[in-house]
Participant: 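Provided herewith is a single structure, encoded as structure tokens, for subsequent inquiry.
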Number of protein chains: 2
Amino acid sequence: MTTIRDVAKRAGVSVTTASYALNGIGSIGEATRKRVLEAAEELNYHPNAFARHLKHRKTQTIGVFISRFGGSFYEEILEGIHSVILETDYELLVCPESRSTRRILLHRQVDGAIVFDSKISNEAVLKLASRRFPIVVLDRFLQGEFILPLLLDNPQGVREAFGHLYHQGLRKMAFVAGAMDSFDNAERMATFLAEAEQHALHVPVYQGNFTEISGYEIAQTIIQSDELPEAVFCANDQMALGFLRAMKEHGLHAPADIAVVGFDDIPQTRYMQPSVSTISASRFEWGTTAVRQLIDFLENESPFQPRRIPTRLQARQSSTL
Amino acid sequence: MTTIRDVAKRAGVSVTTASYALNGIGSIGEATRKRVLEAAEELNYHPNAFARHLKHRKTQTIGVFISRFGGSFYEEILEGIHSVILETDYELLVCPESRSTRRILLHRQVDGAIVFDSKISNEAVLKLASRRFPIVVLDRFLQGEFILPLLLDNPQGVREAFGHLYHQGLRKMAFVAGAMDSFDNAERMATFLAEAEQHALHVPVYQGNFTEISGYEIAQTIIQSDELPEAVFCANDQMALGFLRAMKEHGLHAPADIAVVGFDDIPQTRYMQPSVSTISASRFEWGTTAVRQLIDFLENESPFQPRRIPTRLQARQSSTL
DNA sequence: ATAATCAAGTGAACCGTTTCACTTCGCTGA
DNA sequence: TCAGCGAAGTGAAACGGTTCACTTGATTAT
């Protein structure tokens, strides 16, 4: 590995001069600067990032903490984040859940974090966040001067979906809930029930856990009961898929027998027969917004702008009479 | 930030002793060790990763270089890599194409690399690879003592697909090729044509570029020609999807009018109507194999084991008469 | 002629660890 | 009694950069 000392020696200058010349700062004569740059080029010199970070106590890196790579779930968000990073001189460190998450966060290997991993506790986030280490959270509602929660606009999409069902004359509705500890689930449920209440409807809630199988099992239960609901809203698409699978197995059709709406707009929903109505959000924009705000905070200390990511109903076959 | 000096001071020992105690090496009395660990705990001390890396000239990090996050393409490979990393004391740095790729590679911020990004040139890989910096490439055939190409077993899957078509009595076949500079495309095509030749078949080749639209356009051309082939093999699924879309628009059905087979087993193939025959590989296993070999090389200098990732035909509706 | 100014360049400390080479000291065995 | 030893602990250099405070020597103003 060639170091700046090698470069300095070859250019016949001091290390200080070499450093200034390479970084284009300090007052260095044109001829000298050129000599240093040439030497660096000839020796194929590249500064050691660790030495630099150690000195600067900054890493020019944004950390993104997700629970796993799979599931198509983070893909678009990451693409969005990446697209912004490309325009900046920051780097991107994507870290799936593991011991290293703790390590990386604690060892300050990144300048700021975007958190989308419920395994990271609220306490941890609260403890870590500081002026020197702002955190954007995408998966929870958490307030703090140096914490920005950036969440989906669940109410908007859910209200739209409710209206879509209601205006088609459907009155007997059911709600299939996801994991209890999920903020999104809570908000989707609260909104749906509030809308129903406004229209004097009673909506039974079935407790699932966001998995396909939980949707499937809940559908079994519902189908075996006395009378079927006219419409079911599932707190996410996986459960809607499970629900539809059970319906199919019992010879029931959506939307004729039960209209079904999900949430997230995962790719399969488009390809299923029938195609599945769902609520979409621009996950790409979610990612770009998150990283823009984070970098803006790091560079200019601009206070966080609370914001919701818009959602939109995608009315497809499974709920359109 | 608390440093090891703070810990040493609080424990009333030298920095050296603190370091040894924290790392569990050197000869340090039991009582002293305990005192140091307590001090570290109380001060919430975490060693600075950069200082450590600087000293060690090792980062305990594997870099994965992909072209982008989207497209479901890397997902499973990354999951596989991640699952292995979890069992080791290495960390994972996933880097989508950008200036930073160069930076990270050149600045030796990782101990070894897994490359799956055709934008990184062969020359770059050849120049970088060394005993101290082994590289696994997943997207090209590249030989070198410190380079391990880990590729799909294209011939196996393609031969299976050819047999599947041939045994159903199909004789008039066509091949829809992907990007010219792709190793996978070349190998798939070579295998298919060789198989055809063995059975005295002539197979016309249509040049696409792996995109859905190129498959669509080629289908248009073929459909407007005098006589249709009985079967078409597309070098990847995207093109197969485009091909099927064009067929549908012209009122043609797969497999009755033309049997279609793709390659990659992307999720949609399962959900389409008709479901699309394709060739699958365990991408998860691809990832685990890659990182296992890399770490094994780093730790034990065990020479690379050339290997192919097995592929398997998934015969679905689009090609099953 | 001389002081002031300025551009160009340099020495050395520092960032936070690790680790080599060394010291200290109590104990054992002859 | 004392050489020798091993356990416990320490000082300081090193990793590879950056940057503060400083020197040098030429130019300018008076």
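Note on naming: letters A, B, ... go to the chains in the order of the sequence lines (proteins, then strands), and numbering restarts at 1 for each one. What you see below is based on every heavy atom in this structure, not just the backbone, and it leaves out hydrogens, waters and symmetry mates.
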Participant: Polar pairs (N or O, both sides) under 3.5 Å between protein and nucleotides 22-28 of chain D?
Facilitator:
none

Participant: If we count only N and O atoms by modelled type, under 3.5 Å, do the side chains of A/S182 and A/D184 hold a donor and an acceptor together?
Facilitator: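 No donor-acceptor contact under 3.5 Å links the two side chains.
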Participant: Between B/A113 and B/F65, which heavy-atom pair has the shortest distance, and what is it?
Facilitator: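 Heavy atoms of B/A113 and B/F65 come nearest at CB-CE1, 3.7 Å.
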Participant: Using a cut-off of less than 4.0 Å, is there contact between a side-chain N or O of A/N48 and OP1 or OP2 of D/dC15?
Facilitator: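 Result: no.
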Participant: Please report, to 0.1 Å, the donor-acceptor pairs under 3.5 Å made by any side chain of residues 25-35 of chain B, with sequence neighbours excluded.
Facilitator:
unit_1 : atom_1 : unit_2 : atom_2 : d
B/R33  : NH2    : B/I28  : O      : 3.4
B/R35  : NH1    : B/A11  : O      : 2.5

Participant: Looking only at side-chain atoms of B/K55, point me to the closest of C/dT10, C/dG16, D/dT10.
Facilitator: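 Of all the options, the side chain of B/K55 is nearest to C/dG16.
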Participant: In whole angstroms, how far is the P atom of D/dG16 from the OH atom of A/Y45?
Facilitator: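 Spelled out: OH on A/Y45 to P on D/dG16 is 10 Å.
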Participant: If you check every side-chain atom of A/S19, which of D/dT19, D/dG16, C/dT18 has the closest atom?
Facilitator: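 Taking heavy atoms from C-beta onward, the closest nucleotide is D/dT19.
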Participant: Report the C-alpha separation of B/E145 and B/R131 in whole Å, then their side-chain angles, then the decisive distance to 0.1 Å, and conclude whether the side chain to side chain contact (heavy atoms under 4.5 Å, CB included) test is met.
Facilitator: CA-CA 8 Å; B/E145 198 182 348; B/R131 185 177 309 282; 4.2 Å; yes
Participant: Could you tell me how far apart A/L54 (CG) and D/dC15 (C1') are, to the nearest whole angstrom?
Facilitator: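 In whole Å, D/dC15 C1' and A/L54 CG are 9 Å from each other.
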Participant: Look at the side chain of B/R52 against the base of C/dG16 and say whether a donor-acceptor pair falls under 3.5 Å; ignore hydrogens and angles.
Facilitator: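 Side chain to base: no pair below 3.5 Å.
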Participant: Does a distance-only test, which skips hydrogens and angles, find a donor-acceptor pair under 3.5 Å between the side chain of A/T16 and the base of D/dT19?
Facilitator: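 Result: at least one qualifying N/O pair found.
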Participant: Between B/E299 and B/Y90, does a side chain to side chain donor-acceptor pair (under 3.5 Å) hold up when you go through it step by step?
Facilitator: CA-CA 11 Å; B/E299 307 261 284; B/Y90 278 80; 2.8 Å; yes
Participant: Within the structure, does a side-chain N or O atom of B/H56 lie under 4.0 Å from either OP1 or OP2 of C/dT19?
Facilitator: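 Indeed, a polar side-chain atom of B/H56 lies that close.
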Participant: Would you say the ring centers of A/F133 and A/F146 fall short of 6.0 Å from each other?
Facilitator: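 Judged by ring-centre distance (under 6.0 Å), A/F133 and A/F146 do not meet the cut-off.
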Participant: Counting heavy atoms from C-beta on, name the nucleotide in C/dT10, D/dG17, D/dT19 closest to the side chain of A/V13.
Facilitator: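 So the side chain of A/V13 is nearest to C/dT10.
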Participant: Separation of B/K58 atom NZ from C/dT18 atom P, in whole Å?
Facilitator: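 Atom NZ in B/K58 sits about 15 Å away from atom P in C/dT18.
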Participant: Tell me which nucleotide among C/dG9, D/dG11, D/dG16 gets nearest to the side chain of A/T17.
Facilitator: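 The nucleotide sitting nearest to the side chain is C/dG9.
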Participant: Could you state the atom-to-atom distance from CD1 of A/I4 to C1' of D/dT19 in whole Å?
Facilitator: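 After rounding, the gap between these two atoms is 12 Å.
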Participant: Only one of B/L92, B/L294, B/T289, B/I62 forms a side chain to side chain contact (heavy atoms under 4.5 Å, CB included) with B/I81, so which one is it?
Facilitator: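 So, applying the side chain to side chain contact (heavy atoms under 4.5 Å, CB included) to B/I81 and each of B/L92, B/L294, B/T289, B/I62, only B/L92 qualifies.
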Participant: Quickly work out the B/N23 CG to C/dG16 P distance and round it to whole Å.
Facilitator: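 Nearest whole value for this atom pair: 17 Å.
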Participant: Between A/Y20 and A/T3, name the one whose nearest nucleotide on DNA chain D is closer to the 5' end.
Facilitator: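 That would be A/T3.
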Participant: In terms of side-chain heavy atoms, does B/S67 have a donor or acceptor partner in B/Y74 at a distance below 3.5 Å?
Facilitator: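 Their side chains do contain a donor-acceptor pair, which is all the 3.5 Å distance test asks for.
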Participant: When you check the side-chain N and O atoms of A/T16 and A/S19, is any donor under 3.5 Å from an acceptor?
Facilitator: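 Not at all, the side chains of A/T16 and A/S19 share no donor-acceptor pair under 3.5 Å.
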Participant: Check the distance between D/dC15's P and B/R57's CZ and give it to me in whole angstrom.
Facilitator: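 Spelled out: CZ on B/R57 to P on D/dC15 is 6 Å.
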Participant: Mind listing the residues from residues 26-41 of chain A sitting with a heavy atom below 4.0 Å of DNA chain C? Number order is fine.
Facilitator: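 Per residue number, the list reads A/S27, A/I28, A/G29, A/T32.
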Participant: Round to a whole Å and report the spacing from CZ of B/F50 to P of D/dA14.
Facilitator: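 The distance from CZ of B/F50 to P of D/dA14 comes to 24 Å, rounded to the nearest Å.
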Participant: Hydrogens and angles aside, do B/S118 and B/D139 bring a side-chain donor and acceptor to less than 3.5 Å of each other?
Facilitator: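 No, B/D139 and B/S118 have no side-chain donor paired with an acceptor closer than 3.5 Å.
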Participant: Atom CG of A/L22 to atom P of D/dG17: distance rounded to whole Å?
Facilitator: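 Computing the A/L22:CG to D/dG17:P distance gives 9 Å.
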